[in-house]
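Heads up: the structure comes next, in structure tokens.
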2 protein chains.
Amino acid sequence: MRSEQGDRPARAKRLPRAVRERQILDAATAVFSQRGYHAASMDEVADVAGISKPMVYAYLGSKEELFAVCIKREAGRLVDAVGAVVDPELAPEEQLWRGVLAFFTFVGEYRDSWNVLHRQAGSEGQPFAVEIAEGRRRAITLIGALLAQAAVAEGVPEWFLGETEAMAAALVGAGESLADWWLDHPDESPRAMAARLMNLAWMGFGNLVNGRTWQPPTTPKADAAPA
Amino acid sequence: MRSEQGDRPARAKRLPRAVRERQILDAATAVFSQRGYHAASMDEVADVAGISKPMVYAYLGSKEELFAVCIKREAGRLVDAVGAVVDPELAPEEQLWRGVLAFFTFVGEYRDSWNVLHRQAGSEGQPFAVEIAEGRRRAITLIGALLAQAAVAEGVPEWFLGETEAMAAALVGAGESLADWWLDHPDESPRAMAARLMNLAWMGFGNLVNGRTWQPPTTPKADAAPA
DNA sequence: AAGTAGTCTTACTCGCGAGTAGCCACAGGA
DNA sequence: TCCTGTGGCTACTCGCGAGTAAGACTACTT
């Protein structure tokens, strides 16, 4: 009863550096996820890691470095999770489905990781927002390429190739938003979430790829594409 | 040449309170938009407003209050802009189109407002993140109702009514993401952006509403909806 | 046992930024 | 002309949080 619950390593029991680093990163991810970068304090990170502040500095450097390492680790996990399932040999539709499914599985598994990557990403002035935005952009480009590939596989209406990137951006946003929505409906399975996104995206793209576009009702003028 | 450019009111020229308050809110919106809530300093807000810090406190209260007022004002603008065009008499499709168009027009017009509402919203621990999340939720509910209405208007497959909220969430996310994408492609018109979203959303919903769902390719099991 | 390398702590410094005290100035009514 | 209220300022206090100095404890070598 002299220490806290067996939950966290109550008070520093002399562990090898590698282990401590992992603990610190875990703690940092959790704290950054809850508080956001600015509101998070190194004291709290140290506390949650069950260790004292100078250790954090000794092992992981400054707050900014620590955050950067967190980002890298979590982003790596996500990329690995998706990369492990998207064999480029497969049909675009199936690649997309597998990627989307892997994404939601990852989000379900590592909520904090996702939170750090998604929320704390864009908000700050410059520091790593750039890096994250870059990762996001890469994802969009990748998905855009996938859509273009799919479009070519079907009989592609020419104009659609100029639209793939914007569509990919929308798709990514829809995925992020669905992931948020998931937080309020935790009983849903990753498969069901992924299926939702695919239904929205693919059934929509299915029409678009076949040249069936939507037109504004009142004005006859079409903006996104020639009729 | 004794003062700065005619750009900002160089150094306090004795204006009525109402005017100053507007200026302060404008400045605060800009600063919060660029820095984010935590990184923004009251000194900078005061500076941008061309005024000294105590005035900000005298007129708008604490930093948190100031931010809250900003949020309220910008959210109000957005709600007004959308609310002004979505006559509930109209067909769901047209309501959605008008709403989406109004949204992108607003974003184009008031970048900072949108930034404050969108980015700085979710990131913080509790303060007003709640209020914004609430607004977002209302938007999702509203759009969800619209989709349900549309679904009923067509021959609705029963199961779809349970999906409208999730679809609305996805749609909102897609809109946000497209708005971000727009920042990198500023030559696009609001109409073109809105048309893109409608194409993705409506052509997708068009299929869904008619019972044409997407199915995972390898596994025969359907998750989102019964075949 | 004594040396030494790596783990871990207490107890600081120091700057930045929220919020305030107290004072100045000008416009208009007496 | 003086008087007062409202607009405005300079110049502080004060706490919080990033980052550090200096040393203590433990385990493994020789």
Interatomic distance where [atom1] belongs to [X] and [atom2] belongs to [N] [whole Å]:
{"X": "B:His38", "N": "C:dC16", "atom1": "NE2", "atom2": "P", "value": "19 Å"}
{"X": "A:Gln23", "N": "C:dT7", "atom1": "CD", "atom2": "C1'", "value": "13 Å"}
{"X": "A:Asp47", "N": "D:dG17", "atom1": "CG", "atom2": "P", "value": "13 Å"}
{"X": "B:Ile51", "N": "D:dG8", "atom1": "CD1", "atom2": "C1'", "value": "8 Å"}
{"X": "B:Arg35", "N": "C:dC16", "atom1": "CZ", "atom2": "C1'", "value": "14 Å"}
{"X": "B:Leu66", "N": "C:dG17", "atom1": "CG", "atom2": "P", "value": "16 Å"}
{"X": "B:Glu44", "N": "C:dG17", "atom1": "CD", "atom2": "C1'", "value": "12 Å"}

_Pairs meeting criterion salt bridge (charged side-chain N to carboxylate O under 4.0 Å, His left out) with involvement of residues 99-109 of chain A, two or more places apart_ =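 Matches after skipping sequence neighbours: none remain.
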Pair up each side-chain donor or acceptor in residues 166-173 of chain A with any protein partner under 3.5 Å, not counting sequence neighbours, and list the distances.
none

*For the side chain of A:Glu65 and the backbone of A:Ser62, is there at least one donor-acceptor N/O pair under 3.5 Å apart?*
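Yes; judged by distance alone, with no hydrogens or angles, the pair exists.
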*Listed by chain and number, what are the side chain to side chain donor-acceptor pair (under 3.5 Å) partners of A:Trp181, not counting sequence neighbours?*
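Here the qualifying residues are B:Glu165.
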_Set of side chain to side chain donor-acceptor pair (under 3.5 Å) partners for B:Arg73, sequence neighbours left out_ =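 Applying side chain to side chain donor-acceptor pair (under 3.5 Å) to B:Arg73 gives B:Asp26.
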_What's B:Ala46 touching, base or sugar-phosphate or nothing? Going by heavy atoms closer than 4.0 Å._
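Touches nothing.
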Could you go through nucleotides 19-23 of chain D and list every protein N or O atom that sits under 3.5 Å from one of its N or O atoms, giving the distance for each pair?
{"residue": "D:dG19", "atom": "OP2", "partner": "A:Tyr57", "partner atom": "OH", "Å": "3.3"}
{"residue": "D:dG19", "atom": "OP2", "partner": "A:Lys63", "partner atom": "N", "Å": "3.0"}
{"residue": "D:dG19", "atom": "N7", "partner": "A:Lys53", "partner atom": "NZ", "Å": "2.9"}
{"residue": "D:dG19", "atom": "O6", "partner": "A:Lys53", "partner atom": "NZ", "Å": "2.8"}

_Residues that A:Tyr110 engages under ring-ring contact (aromatic ring centres under 6.0 Å, His included), provided they are two or more places apart_ =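 Counting only residues at least two positions away or on another chain, A:Tyr110 forms a ring-ring contact (aromatic ring centres under 6.0 Å, His included) with A:Phe106.
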*Mind checking side chain to side chain contact (heavy atoms under 4.5 Å, CB included) for A:Glu74 and listing every partner two or more places apart, or none if nothing turns up?*
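In terms of side chain to side chain contact (heavy atoms under 4.5 Å, CB included), with neighbours along the sequence ignored, A:Glu74 is linked to A:Thr29, A:Arg77, A:Ser113, A:Leu117.
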_Going by the rule side chain to side chain contact (heavy atoms under 4.5 Å, CB included), which residues pair with B:Lys63 if we only count those two or more places apart in sequence or in a different chain?_
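Checked B:Lys63 against side chain to side chain contact (heavy atoms under 4.5 Å, CB included); matches are B:Phe32, B:Tyr37, B:Met42.
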*Considering non-hydrogen atoms only, spot the tightest contact between A:Ala150 and A:Trp202 and give its length.*
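Shortest heavy-atom contact: CB-CH2, 3.7 Å.
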Table of protein N/O atoms under 3.5 Å from nucleotides 2-6 of chain C N/O atoms:
{"residue": "C:dG6", "atom": "N2", "partner": "A:Arg14", "partner atom": "NH1", "Å": "3.2"}
{"residue": "C:dG6", "atom": "N2", "partner": "A:Arg14", "partner atom": "NH2", "Å": "2.2"}

*Looking only at side-chain atoms of B:Ser41, point me to the closest of C:dT9, D:dA18, C:dG17.*
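Given the options C:dT9, D:dA18, C:dG17, the side chain of B:Ser41 is closest to C:dG17.
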*Considering just the side-chain nitrogens and oxygens of B:Arg20, establish if one lies under 4.0 Å of OP1 or OP2 belonging to D:dT6.*
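For D:dT6, neither OP1 nor OP2 has a side-chain N or O of B:Arg20 closer than 4.0 Å.
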